[in-house]
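Lettering of chains follows the sequences in order, A, B, ..., and the numbering in each one begins at 1.
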Amino acid sequence: MNVRTRFAPSPTGFLHIGGARTALFSWAYAKKNAGRFILRIEDTDVERSTPEAVQAILDGMHWLGLDYDEGPFYQMQRMDTYKKVIQGMLDKGAAYYCYSSKDELEVLRESQMQQGLKPRYDGKWRPESGKNLPAIPANISPVVRFKNPQTGVVAWDDLVKGRIEIANSELDDLIIARADGTPTYNFCVVVDDFEMGITQVIRGDDHVNNTPRQINMLNALGATVPQYAHLSMILGDDGQKLSKRHGAVSVMQYHEDGYLKEAVLNYLARLGWSHGDAEIFNMQQFCEWFDLDHITPSAAQFNTEKLNWLNAHYIKESSLDALSADITNRLAKMSVKVAASPDLKAVLNLYRERANNLNQLAADIAYFYALPEASAADVEKHITAEIQPVIKALVEKLLTIEWTAEAIHHAINTVVTENQLKFPKVAMPLRVMLTGIAQSPSIDQVMALLGQKETLVRINSYLA
RNA sequence: GUCCCCAUCGUCUAGAGGCCUAGGACACCUCCCUUUCACGGAGGCGACCGGGGUUCGAAUCCCCGUGGGGACGCCA
């Protein structure tokens, strides 16, 4: 059978890190098995779904390169199908109308909770042979409930968690159509997974409890039950659950925050899944290796430090062309315009291996294109009165040399020797004058890139 | 409360009964490199939740406990 997986987000917010991982795994599973990956937007909650959220999800997937073979399908556009199936179930007696009001159910729930019972529907309107149903109340539009089996167990071999069994006596008759006739989540999922021929449902852990109900409905429809793989959740850096109010951020935020998609993808792939000792691998490799057997069933804590490490790796790996395009944008956001000279690629080549973040990298090299301002503390510490004459002597030499890193190095060395100093004694003030801070790559290389004219202008601005 | 799930270094994980004196990676510490800060290199610190079984032998299997999480909507 051809593998068909799907990612089925509800458009009530952006694509967060957990959703992205679910999508990534579903995508990779399809790729690995030469199957098809389907995107389905579950927008049946009209109250909370928004077009902006749909776009945000699409943007997130696009950025990560999680391309889908089919879709996006929108459940709201499939109403006719759902209604037809519901009618069929009603006709077959697999579902029935329920006239219990919300208030009535609320009261029921509370009393059950108080008695230490699991809150559930009491089956008041469930038709049973020999049972007399109450008189249908006026002015109440009924919901439709699925007639769940009351005995036996539902079981499935979860591809991540192993065998899971739940007694039907634990389940109640869930609502599959609201009073206004619109179908609910659990029902739409079942119809869609069935009709779209989904073979492996890879989704979040929070759906484990929906699975037995879905299997029962699938059985009632005479459908093949797909395989299920439930991924456990991703906790925040602090070990706490991620939620809208705590730590959950859009994957696009990582882009904003200076992360390369390669790093995010690699990081996410390793969060909950492993392939021996492999830590660094690209998506092609991942798709070849990916399997459901090596997914951990336990929750994973997000670790920004490790993401940073991967980001540093991919910054070193990325092409200078791609990097310079990206950094140009980031500099523009900082109101720094990249000039033709010094060559941005040359600058990046010098700086990339010390960076683990694109925003940081942009900030670090901004001084090449915009005059930096050194802190008073650095100026005081490094540009001392006694070093000023030495720097002046250096300037004299710099005026006449060929402008290469080697020649500059030689010039500095000469001054250092003549004055019986240590190299840093001269290098540090130069750093502060030229870059505005006390850390930089080799100062001769920085000077070579900055250019003779600009270098001398900056140095002279500090000399009395 | 009821049901379901989970449990190896601080973190992500390897581990399918002997290969485990428990391996790798991030972080941390030390040293080396060095022109400052990084990069890089070499070392180091550091874990099988507890208790019972099963077995010649258990991190691995079973049971109980403890701890964590999830679900119990006319949300998805």
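For A:Phe25 and A:Phe290, the ring centers are positioned less than 6.0 Å apart. A ring-centre distance under 6.0 Å is not found for A:His382 and A:Tyr462.
Contacts between residues 268-281 of chain A and RNA chain B, defined by a heavy-atom separation below 4.0 Å, involve A:Arg270, A:Leu271, A:Gly272, A:Ser274, A:Asp277, A:Glu279, listed by number. The stretch residues 424-432 of chain A comes close to RNA chain B through A:Pro424, A:Ala427, A:Met428, A:Arg431, each having a heavy atom under 4.0 Å from the strand.
Under 3.5 Å, the side chains of A:Gln75 and A:Asp192 contain a donor-acceptor pair of N or O atoms. In the model, A:His230 has a side-chain atom that pairs as donor or acceptor with a side-chain atom of A:Thr211 under 3.5 Å. Side-chain atoms of A:Gln214 and A:Asn186 form a donor-acceptor pair, as typed in the model, at a separation below 3.5 Å. Using a 3.5 Å distance cut-off with no hydrogens or angles, the side chains of A:Asn311 and A:Trp309 do not pair a donor with an acceptor.
Across all non-hydrogen atoms, the minimal contact from A:Ala405 to A:Ala448 is N-CB, 3.8 Å.
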Give the intermediate values and the outcome of side chain to side chain donor-acceptor pair (under 3.5 Å) for residues A:Asp237 and A:Thr304.
CA-CA 7 Å; A:Asp237 250 322; A:Thr304 305; 2.3 Å; yes
Please report the C-alpha distance between A:Ile412 and A:Leu430 in whole Å, then the side-chain angles of each, then the deciding distance to 0.1 Å, and finally whether the side-chain contact (heavy atoms from CB on, under 4.5 Å) criterion is met.
CA-CA 10 Å; A:Ile412 298 174; A:Leu430 288 175; 4.0 Å; yes
Under the side-chain contact (heavy atoms from CB on, under 4.5 Å) criterion, do A:Leu292 and A:Ile202 qualify, and how do the steps go?
CA-CA 9 Å; A:Leu292 266 12; A:Ile202 299 170; 4.2 Å; yes
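With a cut-off of 3.5 Å on both Watson-Crick or G-U wobble distances, the partner of B:A25 is given as B:U11.
Applying the 4.0 Å criterion to OP1 and OP2 of B:C39, one finds that A:His313 has every side-chain N and O outside that range. Note on A:Arg109: every side-chain N or O is 4.0 Å or more away from OP1 and OP2 of B:C72.
As judged by a 4.0 angstrom heavy-atom cut-off over every strand, A:Lys422 is placed among residues making no nucleic acid contact. Residue-level contact check: A:His409 touches the bases, meaning some heavy atom is under 4.0 Å from a base atom. Among the protein residues, A:Ala438 comes within range of the nucleic acid bases, having at least one heavy atom under 4.0 Å from a base atom. If you check every strand for non-hydrogen atoms under 4.0 Å, A:Ser100 touches a base. Within 4.0 Å (heavy atoms only), A:Thr296 reaches sugar-phosphate atoms of the nucleic acid but no base atom. A:Ser298 comes within 4.0 angstrom of sugar-phosphate atoms only, judged by non-hydrogen atoms across all strands, and of no base. Residue contacts for A:Pro297: at a heavy-atom cut-off of 4.0 Å it reaches the sugar-phosphate backbone alone, with no base atom in range. No engagement by A:Pro9 is indicated, since no non-hydrogen atom pair under 4.0 Å with the nucleic acid exists. No engagement by A:Arg120 is indicated, since no non-hydrogen atom pair under 4.0 Å with the nucleic acid exists. In this structure, A:Lys161 reaches the sugar-phosphate backbone alone: every heavy-atom distance under 4.0 Å involves primed, P, OP1 or OP2 atoms, never a base.
For the pair A:Arg40 and A:Phe7, the cation-pi test (distance below 6.0 Å, angle within 45°) is failed.
Within the structure, side chain to side chain donor-acceptor pair (under 3.5 Å) pairs that include any residue of residues 110-119 of chain A comprise A:Lys118-A:Glu170 (at least two apart or interchain).
Nucleotides B:G57 and B:G10 have their P atoms positioned 30 Å apart, rounded to a whole Å. For the C1' atoms, the distance from B:U55 to B:G41 is 47 Å, rounded to whole Å. Comparing the P positions of B:C49 and B:A76 gives an interatomic distance of 39 Å, to the nearest angstrom. For the C1' atoms, the distance from B:G50 to B:A58 is 16 Å, rounded to whole Å. B:U30 sits 10 Å from B:C45 when the C1' atoms are compared, rounded to a whole Å. Comparing B:C61 with B:A42, their P atoms sit 36 Å apart, to the nearest whole Å. Here the separation of B:G15 from B:G23, taken at their P atoms, is 15 Å to the nearest Å. Using atom C1' as the reference point in both B:A59 and B:U8, the two lie 7 Å apart (nearest Å).
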Are any protein N/O atoms closer than 3.5 Å to N/O atoms in nucleotides 63-71 of chain B? If there are, list each pair with its distance.
residue: B:G70; atom: OP1; partner: A:Lys241; partner atom: NZ; Å: 3.4
residue: B:G70; atom: N2; partner: A:Asn209; partner atom: OD1; Å: 3.4
residue: B:A71; atom: O4'; partner: A:Asn209; partner atom: ND2; Å: 3.1

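If you take CD of A:Glu305 and P of B:C28, they are 6 Å apart, rounded to a whole angstrom. The OH-P distance, from A:Tyr267 to B:A25, rounds to 17 Å in whole Å.
Closest-nucleotide positions on RNA chain B for A:Gln75 and A:Glu165 were compared, and the one nearer the 5' end corresponds to A:Glu165. Between A:Asp172 and A:Tyr185, the residue whose closest nucleotide on RNA chain B is further toward the 5' end is A:Asp172.
In this structure, the nucleotide among B:C3, B:G24, B:G73 sitting nearest to the side chain of A:Lys306 is B:G24. When each of B:U35, B:A76, B:C12 is scored by its nearest atom to the side-chain atoms of A:Asp444, the top-ranked nucleotide is B:U35. Closest to the A:Thr44 side chain, of the nucleotides B:U35, B:G40, B:A76, is B:A76. Of the candidates B:C4, B:C26, B:A38, the closest approach to any side-chain atom of A:Glu353 belongs to B:A38.
With its glycosidic angle more than 90° from 0, B:C12 is assigned anti.
In this view, A:Asp326 and A:Arg330 satisfy the salt bridge (Lys or Arg N to Asp or Glu O under 4.0 Å) rule, not counting sequence neighbours. Partners of A:His275 by ring-ring contact (aromatic ring centres under 6.0 Å, His included), not counting sequence neighbours, listed by chain and number: A:Trp289.
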